[in-house]
**Student:** 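Here's a structure for you.
Each chain gets a letter, A, B and so on, in the order its sequence line appears, and its residues count up from 1. The figures that follow rest on heavy atoms only: side chains count, while hydrogens, waters and symmetry mates do not. Please read all numbers here as calculations on a predicted model, not as lab measurements.
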Amino acid sequence: MSPTDPSSAKASGSNFIRNIIDADLAANKFAPRRWSGRPGPAEQHKVSLGDTPKIRTRFPPEPNGYLHFGHAKSICLNFGLARDYGGACHLRFDDTNPEKEEQEYVDSIIDAVKWLGFDWGANLYYASNYFDWMYAFAEYLIESGNAYVDSQSAEEMRASRGTLTEPGKASPYRNRSAAENLDLFRRMKAGEFADGAHVLRARIDMASPNINLRDPAIYRIKRATHHNTGDAWCIYPMYTYAHPIEDALENITHSICTLEFEDQRPFYDWLLERLAEGGLLQRPLPQQIEFARLNLSYVVLSKRKLIQLVEEKHVDGWDDPRLPTLVGARRRGFTAEGFRRFADMIGVAKSDSWIDMSVLEGCMRDHLNETALRRIAVLDPVRLVIDNYPEDQEEMCEAPNHPQQPDWGRREIPFAKELWIEREDFTEHPPKGYFRLFPGNTVRLRYGYVVKCTGCVKDEAGNIKSVHCIYLPDTKSGTPGADSVKVKGNIHWVSAKHAYQAEVRLYDRLFSAEAPGAGGRDFIDDLNPDSKRIIAAQLEPALKEAIPEERFQFERHGYFVADRVDSRPGAPAFNRAVTLKDSWSKAR
RNA sequence: UGGGGCUUCGCCAAGUUGGUUAAGGCACCGGAUUUUGAUUCCGGCAUUCCCAGGUUCGAAUCCUGGAGCCCCAGCCA
């Protein structure tokens, strides 16, 4: 199911959903299930022998937007469960509302789920492919007295629904005969009525304390071209009605959704029970299980807000590396494995919890630490001149591609008299504990020589133009004398003459508030003005050959990725995914 | 205020048939190693489970009462 070895997939700890599945499996609940090889009603499945996957879950996005971090939790949950239990997870597009859904979103969702590392095999489905069955089931509901056509206006319906504390009142159309209802419903389908003229409702209980059971609408007239069925239909099923049926047709065992659907579960069960009674759906019926959606600090995940950020151009499109979309995260340099670890780490439960953005960042840092090649980059360059180094001399220094992975080899970095070093690695007035360059101090130029700082040259305004030092010839890394001089400081550098100057984007959190828009503020006002800084950095020459999406650790800085959109062959641009932990600046 | 949920360490989260000292992760704090102030390693980190009573030899787990937070009145999903 996933690119990672299933056997190594560390069984994410116990959680309430696993407990339910364990109990179901122990009770052999799914033994009667049949699977015909494709979704369908009882009649179709019952001629088959059984269903090989032990459980079936599904990830059912509505193709009306881009997937975000919240979806990643759900994807990892559903596909992860299927993987761990020898089951299957379906990718199903819940496309029952033609006004909001587009092919563009279908494509991006497919890309995102694949990128996260999951495989639905042959189980790619569209709710819209079930419209015929849904329609037939609705006729059955009418015939069995469980649904009726209501001809009230939307306003009238709302008015008669009652309130949270008062029961609703029956519609004057509630007791139409089955024959009349059937005739009306067929004419709705035939296109005889205007949008909104009638609606099909389940007949349950207008006085139910659960508002969702007060005769919910299940079909509405809506003339709109559907991305999949075109103009074949002018009536479309509502989510409440469609979703349970989709699950049942697909033989889903555990239909996992978020907490806000909890009140919907009685209807889910009611509907499926009616249909199973009629022999339309096979038992055992799918069961809906609700878990708490992801809440992430410093982030907005609501579709409305994401759209606003894109449309008002606070970010550069849906794949902006600062956006919590999966395409954005990918461009940012986040990894699929990082998301999977994150999902495992935060677990799944029913309490409405908040996860700090630093947890996600930590997962990315963790995975990137293990996998990213090390390279040198000077992001805020100032010139370092080695006064006692011959003018025209050059030599190579050797550095490992990864300190913990000797097998990954080494690369050479050119060294010369003039180097770029980090501006913050030199100071004339060192604070307590500072062990980088300052006049009189000795540091190692990482993978090169030990140098002793002699001072700096400033312009009239007092800005440092260059730092000066002398090197200790016998101290080159890798040579016998390398450790003859012990130093505490170790700074990185790039030869000025050989450096590859590139565009580097330093991304930071999009919002500076933990809960953007909290306390009645406009969330736009919480935007972090420094969430994107574009700089010209001096990089070690090897970085020129980076290919799009190749990720690196820029030593002592963080993890960066060659941008998959703006990089050109031989001229990659880099995005910062996440910084390294920095206990020095934290301590200060 | 009708209905449905939730409440265990700074943040997640096990624990659910009542039974030794309340898992684990993250964060944090020490200390060791380190040519990344990174990584890695080792150690520490809830006499207490929202609160108050009660049952019991024994309760986070059972009972009673209370508090706080989230969700529901679309012909959205």
**Student:** Starting at CD of A/Glu156 and ending at P of B/C75, how long is that distance when rounded to a whole Å?
**Tutor:** 13 Å
**Student:** In whole Å, I'd like the distance from the OH atom of A/Tyr298 to the C1' atom of B/C11.
**Tutor:**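 Spelled out: OH on A/Tyr298 to C1' on B/C11 is 13 Å.
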**Student:** Paired with B/U39: which nucleotide, if any, by Watson-Crick or G-U wobble criteria at under 3.5 Å for both distances?
**Tutor:** none
**Student:** If I take atom CG in residue A/Asp425 and atom C1' in nucleotide B/U35, what distance separates them, rounded to the nearest angstrom?
**Tutor:**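 Result: 14 Å.
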**Student:** With sugar-phosphate meaning primed atoms plus P, OP1 and OP2, does A/Gly478 contact a base, only sugar-phosphate, or nothing at under 4.0 Å between heavy atoms?
**Tutor:** base
**Student:** A/Phe131 and A/Tyr236: aromatic ring centres closer than 6.0 Å?
**Tutor:** yes
**Student:** State which of B/C76, B/A77, B/A38 makes the closest approach to the side chain of A/Leu580.
**Tutor:** B/A38
**Student:** Looking at A/Phe574 versus A/Phe560, is the centre-to-centre ring distance below 6.0 Å?
**Tutor:** no
**Student:** Measure all distances between protein nitrogen or oxygen atoms and nitrogen or oxygen atoms of nucleotides 66-73 of chain B, and list the pairs falling under 3.5 Å.
**Tutor:**
{"residue": "B/A73", "atom": "O2'", "partner": "A/Arg161", "partner atom": "NE", "Å": "3.2"}

**Student:** Please report the distance separating the C1' of B/C29 from the corresponding atom of B/G10, rounded so that it comes out in whole Å.
**Tutor:** 13 Å
**Student:** Which whole number of Å gives the distance between the C1' atom of B/G44 and that of B/U36?
**Tutor:** 27 Å
**Student:** Cut-off 3.5 Å, no hydrogens considered: what does the side-chain donor-acceptor table look like for residues 479-491 of chain A, sequence neighbours left out?
**Tutor:**
{"residue": "A/Thr479", "atom": "OG1", "partner": "A/Lys476", "partner atom": "O", "Å": "2.6"}
{"residue": "A/Ser484", "atom": "OG", "partner": "A/Gly481", "partner atom": "O", "Å": "2.7"}

**Student:** So what does A/Gln404 hit on the nucleic acid, given a heavy-atom distance under 4.0 Å: a base, only sugar-phosphate, or nothing?
**Tutor:**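 The residue A/Gln404 makes base contact.
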**Student:** On RNA chain B, compare the nucleotides closest to A/Gln264 and A/Thr165; which residue's is nearer the 5' end?
**Tutor:**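 Its nearest nucleotide being more 5', the pick is A/Thr165.
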**Student:** Report which part of the nucleic acid A/Gln152 touches: base, sugar-phosphate, or nothing (heavy-atom distance under 4.0 Å, all strands).
**Tutor:**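 Base: the residue A/Gln152, judged by heavy atoms under 4.0 Å, touches a nucleobase.
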**Student:** Identify, with sequence neighbours excluded, every residue that meets salt bridge (Lys or Arg N to Asp or Glu O under 4.0 Å) alongside A/Arg161.
**Tutor:**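 Salt bridge (Lys or Arg N to Asp or Glu O under 4.0 Å) list for A/Arg161, sorted by chain: empty.
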**Student:** Hey, what are the protein-to-nucleotides 27-32 of chain B N/O distances that come in under 3.5 Å?
**Tutor:**
{"residue": "B/C28", "atom": "OP1", "partner": "A/Lys586", "partner atom": "NZ", "Å": "2.9"}

**Student:** Between A/Phe552 and A/Tyr559 (judged by ring centroids, cut-off 6.0 Å), do the two rings come close enough to count as a pair?
**Tutor:** no
**Student:** Examine A/Phe415 together with A/Trp493 and report whether their ring centres are nearer than 6.0 Å.
**Tutor:**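 Centroid distance A/Phe415-A/Trp493: below 6.0 Å, so yes.
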**Student:** Starting from P on B/G4, measure out to CZ on A/Phe267 and report it in whole angstrom.
**Tutor:** 19 Å
**Student:** Does A/Arg444 put a side-chain nitrogen or oxygen below 4.0 Å from OP1 or OP2 of B/U34?
**Tutor:** no
**Student:** Provide the distance between the two P atoms, one in B/U7 and one in B/C49, to the nearest whole Å.
**Tutor:** 15 Å
**Student:** Expressed in angstrom and rounded to an integer, what is the separation of A/Leu379 atom CG from B/U36 atom P?
**Tutor:**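 Distance, rounded to whole Å: 18 Å.
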**Student:** Once you apply a heavy-atom cut-off of 4.0 Å, does A/Pro167 come out as touching a base, just sugar-phosphate, or nothing?
**Tutor:** nothing
**Student:** Is the centre of the A/Phe438 ring less than 6.0 Å from the centre of the A/Phe426 ring?
**Tutor:**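 Ring-ring flag for A/Phe438/A/Phe426: false, centres at least 6.0 Å apart.
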**Student:** When the P atoms of B/A77 and B/C62 are considered, how many whole Å apart are they?
**Tutor:**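 B/A77 and B/C62 have their P atoms separated by 39 Å.
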**Student:** Within the 4.0 Å heavy-atom criterion, would you say A/Arg374 contacts the bases, only the backbone, or no part of the nucleic acid?
**Tutor:** base
**Student:** What is the distance, to the nearest angstrom, from the CD1 atom on A/Ile256 to the P atom on B/A77?
**Tutor:**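 Whole-Å distance recorded here is 21 Å.
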**Student:** Under the salt bridge (Lys or Arg N to Asp or Glu O under 4.0 Å) test, which residues partner A/Glu398, sequence neighbours left out?
**Tutor:** A/Arg410
**Student:** Would you please name every residue forming a side-chain contact (heavy atoms from CB on, under 4.5 Å) with A/Asp231, sequence neighbours left out?
**Tutor:**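 Expected list: A/Thr225.
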**Student:** What residues form a side-chain contact (heavy atoms from CB on, under 4.5 Å) with A/Asp24, not counting sequence neighbours?
**Tutor:** A/Ile20, A/Lys29, A/Phe30, A/His254, A/Gln287
**Student:** Taking atom C1' in both B/C45 and B/C63, what distance in whole Å separates the two?
**Tutor:** 35 Å
**Student:** Among residues two or more places apart or on two chains, list those pairs meeting salt bridge (charged side-chain N to carboxylate O under 4.0 Å, His left out) that have a residue in residues 351-369 of chain A.
**Tutor:**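 Qualifying pairs: A/Arg341-A/Asp366, A/Glu361-A/Arg509.
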**Student:** Base, sugar-phosphate, or nothing: which does A/Tyr434 touch, judged by heavy atoms less than 4.0 Å apart?
**Tutor:**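 Here A/Tyr434 touches the bases of the nucleic acid.
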**Student:** Mind telling me if B/G15 is syn or anti? Syn here is a glycosidic angle within 90° of 0.
**Tutor:** anti
**Student:** For A/Tyr239 and B/A77, do the ring centres fall under 5.5 Å apart while the planes stay under 30° apart?
**Tutor:** no
**Student:** Quick one: label A/Tyr219 by what it contacts on the DNA or RNA (base, sugar-phosphate, nothing), any heavy atom closer than 4.0 Å.
**Tutor:**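 Nothing, no heavy atom under 4.0 Å.
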**Student:** Roughly how many Å apart are B/C9 and B/U61, using the P atom of each and rounding to a whole number?
**Tutor:**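 Between the two P atoms, the distance is 15 Å.
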**Student:** Roughly, in whole Å, what's the span from OH in A/Tyr268 to P in B/G4?
**Tutor:** 21 Å
**Student:** Is any side-chain N or O of A/Glu370 under 3.5 Å from a base N or O of B/U39, one able to act as donor and the other as acceptor?
**Tutor:**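 It does not, because no donor-acceptor pair links the side chain of A/Glu370 to the base of B/U39 below 3.5 Å.
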**Student:** Taking only residues two or more places apart in sequence or in another chain, which ones pass salt bridge (Lys or Arg N to Asp or Glu O under 4.0 Å) with A/Arg58?
**Tutor:**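 Expected list: A/Asp247.
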**Student:** Which atoms of nucleotides 13-17 of chain B (N or O only) lie under 3.5 Å from a protein N or O atom, and what are those distances?
**Tutor:**
{"residue": "B/A13", "atom": "OP2", "partner": "A/Ser351", "partner atom": "OG", "Å": "3.1"}
{"residue": "B/A14", "atom": "OP1", "partner": "A/Val348", "partner atom": "O", "Å": "3.4"}
{"residue": "B/A14", "atom": "O3'", "partner": "A/Ser14", "partner atom": "OG", "Å": "3.3"}
{"residue": "B/G15", "atom": "OP1", "partner": "A/Ser14", "partner atom": "OG", "Å": "2.8"}
{"residue": "B/G15", "atom": "OP1", "partner": "A/Asn19", "partner atom": "ND2", "Å": "3.0"}
{"residue": "B/U16", "atom": "O4", "partner": "A/Asn19", "partner atom": "ND2", "Å": "2.3"}

**Student:** Using the ring centroid of each side chain, check whether A/Phe93 and A/Tyr126 are separated by less than 6.0 Å.
**Tutor:**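 Yes.
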**Student:** On RNA chain B, does the nearest nucleotide to A/Lys222 precede the nearest nucleotide to A/Tyr447 from the 5' side, or the other way round? Give the residue.
**Tutor:**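 Its nearest nucleotide lies further toward 5', so the answer is A/Tyr447.
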**Student:** Once salt bridge (charged side-chain N to carboxylate O under 4.0 Å, His left out) is applied, what residue pairs with a partner in residues 196-211 of chain A remain, sequence neighbours excluded?
**Tutor:**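 Sorted result for residues 196-211 of chain A: A/Asp150-A/Arg201.
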**Student:** In whole angstrom, give the distance that lies between atom CG of A/Leu472 and atom P of B/U35.
**Tutor:**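 Rounded to the whole Å, the gap is 17 Å.
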**Student:** When rounded to the nearest Å, what value does the distance between C1' atoms of B/A60 and B/U48 take?
**Tutor:**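 To the nearest whole Å, 9 Å.
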**Student:** How far does the C1' atom of B/U55 sit from the matching atom of B/A73, given to the nearest Å?
**Tutor:** 42 Å
**Student:** Using a cut-off of 4.0 Å on non-hydrogen atoms, how would the nucleic acid contact of A/Gly168 be classed: base, sugar-phosphate, or nothing?
**Tutor:** nothing
**Student:** Look at all strands and tell whether A/Glu555 reaches a base, only sugar-phosphate, or nothing, counting heavy atoms closer than 4.0 Å.
**Tutor:** base
**Student:** Is any side-chain nitrogen or oxygen of A/Thr240 closer than 4.0 Å to OP1 or OP2 of B/A77?
**Tutor:**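 No.
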**Student:** Please identify each residue that fulfils side-chain contact (heavy atoms from CB on, under 4.5 Å) with A/Asp263, with sequence neighbours left out.
**Tutor:** A/Asn210, A/Asn212
**Student:** Does B/U36 have its OP1 or OP2 closer than 4.0 Å to a side-chain nitrogen or oxygen of A/Arg375?
**Tutor:** no
**Student:** In the strands shown, is B/U55 matched to any nucleotide by a Watson-Crick or G-U wobble pair with both distances under 3.5 Å, and which?
**Tutor:**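 Pair assignment: B/U55 / none.
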